[in-house]
Amino acid sequence: MRSPRRCSRNGCPRQAVATLTYVYNESTAVVGPLAAFAEPHTYDLCEQHARSLTAPRGWDVVRHEGEFEPPPPTTDDLVALAEAVREAARPTPPRPPEDDQSRPQSQPSHQQGRRGHLRVIPPNH
């Protein structure tokens with residue numbers, strides 16, 4: 001599943017809920033709900049930074065007055081999650097027994113599945 005977009009402010013680990021856009025020819029900073037896609041020349045902000053943003057002297061700030069809410073999961077996220085669960089549930093074919101001495105020490109004793117940008121790691125037993 002795609003990780004949620006993070007606040008663009010340096011060092012801020014919070015999830016983005018708003019998008020900041022500068023309208024240079026009108027000397028205006030616009031803070032609105034999170035855009036559907038990250039666009040160049042816009043900045044994603046968490047709620048704290050979206051509410052506390054100030055603009056340079058002579059500029060106006062137009063701010064969304066409603067609640068900032070995280071975006072719902074997209075269909076892509078749900079499909080990727082379903083595929084990962086499906087792959088994790090697939091039975092692995094039986095492997096011939098290995099002698100502990102025949103396996104190199106650097107080789108792990110478990111397999112990892114990989115599909116697209118997701119990786120399935122089996123639980124430790």
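Distance check, rounded to the nearest 0.5 Å: NE2 of H49 to SG of C12 gives 5.0 Å. Atom CZ in R63 sits 7.5 Å away from atom OG in S52 (nearest 0.5 Å).
Using a 4.5 Å heavy-atom cutoff, the side chains of V61 and T28 are not in contact. With contacts defined as side-chain heavy-atom distances shorter than 4.5 Å, the pair T21/H41 does not qualify.
Residues Q48 and R14 come closest through the heavy atom pair OE1-NH2, 2.5 Å. Of all the heavy atoms in L20 and A29, the pair that sits closest is CD1-CB, 4.0 Å.
Side chain of R6 to main chain of P13: a donor-acceptor pair is present (N/O by atom type, distance under 3.5 Å, no hydrogens or angles). Judged purely by atom type and a 3.5 angstrom limit, R5 has no side-chain atom pairing as donor or acceptor with the backbone of D44.
At a threshold of 4.5 Å between side-chain heavy atoms, the hydrophobic network of Ile, Leu, Val, Met, Phe, Trp and Tyr places V30 and V17 in two separate groups. Using a 4.5 Å cut-off between side-chain heavy atoms of Ile, Leu, Val, Met, Phe, Trp and Tyr, with links allowed through other members, Y43 and V23 fall into different hydrophobic clusters. The hydrophobic cluster containing Y24 does not contain V62, counting ILVMFWY residues as joined when their side-chain heavy atoms lie under 4.5 angstrom apart, directly or transitively.
A 6.0 Å sphere centred on CG of N25 holds more than 12 heavy atoms belonging to other residues, nucleotides or ligands.
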- Message: Please determine whether side-chain contact (heavy atoms from CB on, under 4.5 Å) holds for the pair R9 and L45, giving the CA-CA distance in whole Å, both sets of side-chain angles, and the decisive distance to 0.1 Å.
- Response: CA-CA 7 Å; R9 297 290 297 262; L45 299 174; 4.0 Å; yes
